[in-house]
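Quick notes on the structure that follows.
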Amino acid sequence: MPELPEVETIVRGLRAVLPGRRVLSVRLGKTDFIDDPAALEHELPGCRIGAVERLGKFIAVRLEKQETRPSLLIHLGMTGQLATARPGEPIPPHTHVIFALDDGRELRYTDTRRFGRMLFAADSAGRDVLGKLGDDPLEITFAAFRASLARRRAMVKALLLDQHFLRGMGNIYTDEALWRARIHPKRHAARLTLDEARRLHASMRKVLADAIRLRGSSISDYLDAAGQPGGYQRRHRVYGREGKPCFRCGTKIRRVIVAGRSSYFCPHCQRISRLEIRDSKRGTRARALR
DNA sequence: CTTACGGCCTGGGTGC
DNA sequence: TGCACCCAGGCCGTAA
């Protein structure tokens with residue numbers, strides 16, 4: 001569910017309440033999304049919470065514990081929510097982790113589909129997970145972005161979704177950035193012109209920055225750490241708008257599947273040559289036959 | 001190394 | 001009402 005802007009919003013909310021708190025206890029429900037539930041249960045109580053950071057779509061809660069500097073890493077997957085509550089408040093369905101804090105409050109993790117992930121990462125162990133992430137899309141320079149694109153023949157949308165390429169882009173903001181840049185989602189990364197790459201770099205930053213300002217997009221159930229919805233869904237230009245008129249030219253927005261995900265685009269503003277489409281198909285078929 | 005694809009879960013919506 | 005089917009802010013493992 002949450003992409004970079006939603007995770008950033010949640011992290012900012014948690015930063016206001018978590019640092020300095022101590023974890024008193026951990027209560028677990030279903031644990032199939034936790035790397036090592038026993039470690040979580042045994043290591044966390046007694047830890048004092050330090051900084052709360054975002055790395056791509058991961059939330060890193062730094063812990064202060066003797067010499068080691070472990071972290072609690074949390075990924076919200078599609079339906080994960082992290083919020084503080086008073087112990088008496090009703091516990092929402094699918095709440096699988098409850099951390100009791102020393103100020104009498106609780107930090108609760110709720111995740112209907114359990115596509116999220118949670119781990120107690122001792123020290124650099126978290127490097128295994130975080131180290132593979134690509135650059136932050138808000139920090140990468142145009143030169144580096146352009147150079148990375150040039151080395152890949154994958155479809156540009158698939159690349160933007162790949163967290164090893166860039167950390168933080170998801171299905172909504174990728175489609176929004178491609179629409180702004182007037183680039184078809186199936187274009188091959190290496191075939192983008194200098195100007196297209198420039199537009200994409202700028203669009204990505206613009207879309208993400210605006211979305212952070214509006215505290216993310218709330219489609220069905222996303223809420224920030226304080227239980228508030230975001231406002232960027234009102235600014236969506238293509239995502240979820242199949243059949244509706246393009247905001248630029250009025251052409252009906254279309255939906256295709258790219259990298260296994262619904263992808264919305266304007267067939268007039270975001271063109272691709274038959275050759276480039278056929279190219280990727282031929283590549284796939286040739287490989288399948290071998 | 002790269003890319004493509006099925007699978008992991010649950011629930012909401014739609015159409016018969 | 002019931003049921004089958006499609007869809008959903010994500011990523012992982014496997015195969016080619």
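Letters A, B, ... mirror the listed sequences (proteins, then strands); counts begin at 1.
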Can a side chain N or O of [X] be found less than 4.0 Å away from OP1 or OP2 on [N]?
| X | N | value |
| --- | --- | --- |
| Lys57(A) | dC11(C) | yes |
| Lys132(A) | dC1(B) | no |
| Tyr264(A) | dA8(C) | yes |
| Ser262(A) | dC7(C) | no |

Q | Nearest-angstrom distance, P atom, dC12(C) to dG11(B) | A |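 Their P atoms lie roughly 24 Å apart.
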How many whole angstroms separate atom [atom1] of [X] from atom [atom2] of [N]?
| X | N | atom1 | atom2 | result |
| --- | --- | --- | --- | --- |
| Arg113(A) | dG12(B) | CZ | P | 12 Å |
| Ile74(A) | dG10(C) | CD1 | P | 18 Å |
| Arg117(A) | dC9(B) | CZ | P | 15 Å |

Q. Choosing from dG10(C), dT3(B), dC9(B), which nucleotide comes nearest the side chain of Ala154(A)?
A. dT3(B)
[atom1]-[atom2] distance between [X] and [Y], expressed to the nearest 0.5 angstrom:
| X | Y | atom1 | atom2 | result |
| --- | --- | --- | --- | --- |
| Tyr232(A) | Ser218(A) | OH | OG | 13.5 Å |
| Ile59(A) | Met118(A) | CD1 | CE | 9.0 Å |
| Phe120(A) | Lys65(A) | CZ | NZ | 5.0 Å |

Regarding [X] and [Y], does a basic nitrogen lie under 4.0 Å from an acidic carboxylate oxygen?
| X | Y | answer |
| --- | --- | --- |
| Glu53(A) | Arg15(A) | no |
| Asp111(A) | Arg114(A) | no |
| Glu176(A) | Arg180(A) | no |

Q. Between Glu6(A) and Tyr173(A), do the side chains contain an N or O donor and an N or O acceptor separated by less than 3.5 Å?
A.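 Yes - a donor-acceptor pair under 3.5 Å links their side chains.
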**Q.** Step-by-step side chain to side chain donor-acceptor pair (under 3.5 Å) determination, Ser71(A) to Arg62(A)
**A.** CA-CA 4 Å; Ser71(A) 295; Arg62(A) 307 291 178 194; 2.8 Å; yes
(Q) Show me the dot-bracket string of DNA chain B, counting Watson-Crick or G-U pairs under 3.5 Å, with | for pairs to another strand and [ ] for crossing ones. (A) .|||||||.|||||||
**Q.** Strand-adjacent residues in residues 160-171 of chain A, judged by heavy atoms under 4.0 Å from DNA chain C
**A.** Gln163(A), Gly170(A), Asn171(A)
